[in-house]
Amino acid sequence: MSARVAKARWSEGRIRLGLLGLCLAVAWLGMGIRLYQVQVLNATQLAEAGVGQRRTEEVLLPQRGNIFDRNGDPMAMTVDSRSIYLSPAEITEPLYVAQQVGGLLGVPSEALLDSIGSGEQFVYVKRQVELNQAEEVLSLNLAGVHGHEEPKRVYPTGSVASHVVGFVNIDGVGSEGIEYEFESDLRGTPGVFSFESAPGGVPIPWAPSHATPAVPGEDLVSTVDLPVQYSAEAACEETLQVTGGTGCWIVAMEVETGAVLAIAGAPAFDPASRTSADGNGFSNFAVRGMYEPGSTMKLISVAGAIEDGVVGPTTVIGAVADQIELRPGACKSDTDEVFGCYSDFERHETHDMAVADVFRQSSNVGTIKIAQMMTREQLFFYLKAFGLGQITGLDYPGEAKGLINLDESCQTCPASSAIGYGVAVTAVQMAAAYAAIGNDGVWLQPHLLSTTHGLDGRTATTPVASHRAVSVETAAVMRSLLSEVVEAGTGISAQVPGYLVGGKTGTANKLGEDGRYTDITMASFVGLAPIDDPKVVVAVVVDSPAWEYRTGGLAAAPAFSTVMEQALHRLGVTPDAASG
Amino acid sequence: MTAPALRTRTRPGLRVVAGRASKPRLSGWLFFSLVAVLAFLGMVFVRTSLDRSTIDLASLERNLAEARSLNQRLRLEIARLESPARIAPLARDLGMVYPQTSQRLIVEGVHQQTLSDPRWSDLNRFAAGQLAVTDQENQP
């Protein structure tokens with residue numbers, strides 16, 4: 001009986017049923033364990049992984065700050081644009097796409113066809129296309145043709161102020177000028193928009209999202225005055241046409257603040273297309289280019305001598321010849337192998353000259369004689385005091401500091417420096433030096449940036465360095481001497497109708513490649529107006545004018561007059577009562 | 001053997017009373033269904049409203065972006081139109097020139113510029129040849 005019962009209990013069917021039950025139990029247990037792992041142990045990580053698969057992050061590009069001139073007129077702006085690109089794998093009709101897209105965007109269809117067949121996954125057709133043009137392309141609904149938003153930098157004034165503003169590269173990063181110098185202020189901070197999206201990038205409604213908005217760059221207000229800037233550039237272009245020079249540079253500054261009104265150069269370039277007449281026109285010679293200033297340096301030599309009481313304006317310098325030999329045999333060598341022979345521009349009899357006459361007639365020999373009364377240290381002290389041989393601190397990249405030869409072994413250096421040879425300066429340095437005379441002897445740091453305006457309304461003003469170069473009295477005397485140069489000296493062409501002007505011409509022979517001076521000159525004029533209470537200083541430098549225009553009075557003074565008149569009108573300076 | 005006959009026993013005093021017909025309890029279900037339907041409709045309405053608001057918001061944002069873009073383009077156009085490089089040639093073509101003579105309006109007693117700076121008097125006289133050279137002590 002019991003055997004039969006046992007047999008019945010362990011029948012094959014029951015065993016199978018038991019095994020099935022066991023399997024089910026194990027399976028349920030496994031699932032339970034797995035469920036516990038997924039839902040409890042690894043819940044956080046898996047949830048994050050799931051969200052990570054759905055989450056998409058878009059970088060929000062900040063709006064680059066605008067650059068304005070002193071009147072609030074924009075010189076550089078950022079506008080919306082689209083970049084058109086291709087996904088070649090999606091394109092079914094390459095030739096049609098190349099012709100249609102290329103035709104609308106002005107891209108050669110052959111090049112586009114090559115790009116489509118190149119095997120690349122992503123090909124830019126054209127970046128930073130204007131919105132309406134991009135819309136025209138995208139409205140064709142061609143497979144594989146896409147666009148994405150990309151801000152574009154534009155320069156509404158074209159080539160005007162191009163050397164000041166500079167430009168950005170295709171990725172919107174400052175590469176030159178103010179754009180480069182103030183990159184960190186202008187750039188802004190990118191933001192991020194994080195959201196959950198379905199396959200295909202479609203945002204999932206009601207899914208959590210988070211946006212960190214982009215912070216726009218700061219707006220910059222420059223000290224530049226666009227009409228004066230344009231006037232300076234037009235004057236430079238005209239000067240090149242008239243004189244046949246190879247380059248022209250003009251710096252205009254406010255005397256009392258050191259604010260730069262204009263830095264103009266010719267030939268100029270269009271910052272949007274970055275094209276220039278000779279391909280090398282990007283560089284700002286007024287800030288980075290050094291030249292031997294010639295007679296414009298006499299202002300510093302004579303001012304230093306007067307300041308230290310070495311001479312007075314009426315002191316007579318005896319026996320001023322038209323040539324002086326600082327090293328034996330220097331004037332006997334026509335080959336200029338021995339430096340140390342200096343001549344006046346025009347031949348004249350030897351006679352006594354007052355310091356004022358030496359300055360007015362721009363006598364090299366007379367100035368060297370004055371410099372010989374000073375010690376080397378005295379002379380170089382004033383060169384430094386007027387900002388030469390060091391950067392002015394202008395807020396512009398790559399400023400040159402110039403050259404002053406302080407080597408004790410150079411016997412002729414003090415004399416040659418006094419008349420503007422053997423030293424190298426920039427146009428900005430000379431403008432700042434003359435501005436110091438106009439500013440009652442106080443040298444002010446030139447600057448291009450007036451204020452910055454942040455999104456939060458914060459406004460910052462640029463601090464300006466200053467130091468006294470000479471006394472008020474010496475500055476007044478020098479202004480008087482400068483006015484005589486324009487009234488009756490070498491700078492008559494610099495006169496401005498309605499204003500009394502003071503200034504100094506400079507004509508320096510250029511060094512040839514063999515190290516000897518050539519007949520080619522660097523002609524310049526630096527001056528102030530109104531001379532009784534100067535408001536504006538303008539420096540004009542003309543590179544290699546034709547022989548008949550080789551002096552500063554002929555090549556540079558007329559451009560000075562044009563720019564100075566415009567600047568005085570723009571600043572609303574009252575005309576002088578004693579002048580026409 | 002015959003089976004005993006079934007006997008019905010009656011209890012005195014007990015009688016069959018017809019019970020009250022139970023009414024179908026529809027009101028509770030109806031109320032619940034109504035509430036459920038209303039809740040569902042309410043949810044649909046709320047979601048639809050929210051969706052509509054989202055769509056409206058997206059539309060407004062799109063309009064705002066378009067307006068900003070238009071504003072940008074107009075500002076750019078203004079800046080281009082105001083550029084001295086554009087205006088100056090047009091002015092020249094119209095025959096406009098810079099003023100050749102200065103015009104001054106001097107209000108009596110308000111501001112008059114003079115060149116009679118005493119610091120320069122000696123120098124001006126010297127330049128005019130009215131002052132003899134006396135300062136020669138610094139000659140070499």
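All values derive from a computational prediction rather than experimental measurement. Throughout, a chain's letter reflects where its sequence line sits, starting with A, and its residues are numbered from 1.
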A.B. asks: Under the side-chain contact (heavy atoms from CB on, under 4.5 Å) test, which residues partner B:T54, sequence neighbours left out?
C.D. replies: A:W206
A.B. asks: Does A:E238 have more than 12 heavy atoms from other residues, nucleotides or ligands lying within 6.0 Å of its CD?
C.D. replies: no
A.B. asks: Closest approach of B:Q72 and A:Q63, non-hydrogen atoms and distance?
C.D. replies: NE2-NE2, 3.1 Å
A.B. asks: Please classify the contact of B:L50 with chain A as side chain, backbone, both or neither, using a heavy-atom distance under 4.5 Å.
C.D. replies: both
A.B. asks: For each of A:D80, A:T78, A:T157, tally heavy-atom pairs with chain B at distances under 4.5 Å, and name the one with the top tally.
C.D. replies: A:D80
A.B. asks: Using a heavy-atom cutoff of under 4.5 Å, enumerate the residues of residues 74-86 of chain B that contact chain A, numbered in order, or state 'none'.
C.D. replies: B:R75, B:L76, B:A79, B:R80, B:E82, B:S83, B:P84, B:A85
A.B. asks: Could you tell me which portion of A:V160 (side chain, backbone, both or neither) has an atom closer than 4.5 angstrom to a non-hydrogen atom of chain B?
C.D. replies: side chain
A.B. asks: Measuring heavy-atom distances to chain B, does A:N71 have an atom under 4.5 Å in its side chain, in its backbone, in both, or in neither?
C.D. replies: neither
A.B. asks: Considering only heavy atoms, which portion of A:L131 lies under 4.5 Å from any heavy atom of chain B: side chain, backbone, both, or neither?
C.D. replies: side chain
A.B. asks: Any idea which of A:S231, A:P74, A:P156 has the most non-hydrogen atom pairs under 4.5 angstrom with chain B?
C.D. replies: A:P156
A.B. asks: Can you name the residues that form a ring-ring contact (aromatic ring centres under 6.0 Å, His included) with B:F45, not counting sequence neighbours?
C.D. replies: none
A.B. asks: Does anything in residues 56-70 of chain B reach chain A? List residues with heavy atoms under 4.5 Å apart, or say none.
C.D. replies: B:S69
A.B. asks: Counting only non-hydrogen atoms closer than 4.5 Å, does A:Q229 touch chain B with its backbone (N, CA, C, O), its side chain (CB onward), both, or neither?
C.D. replies: neither
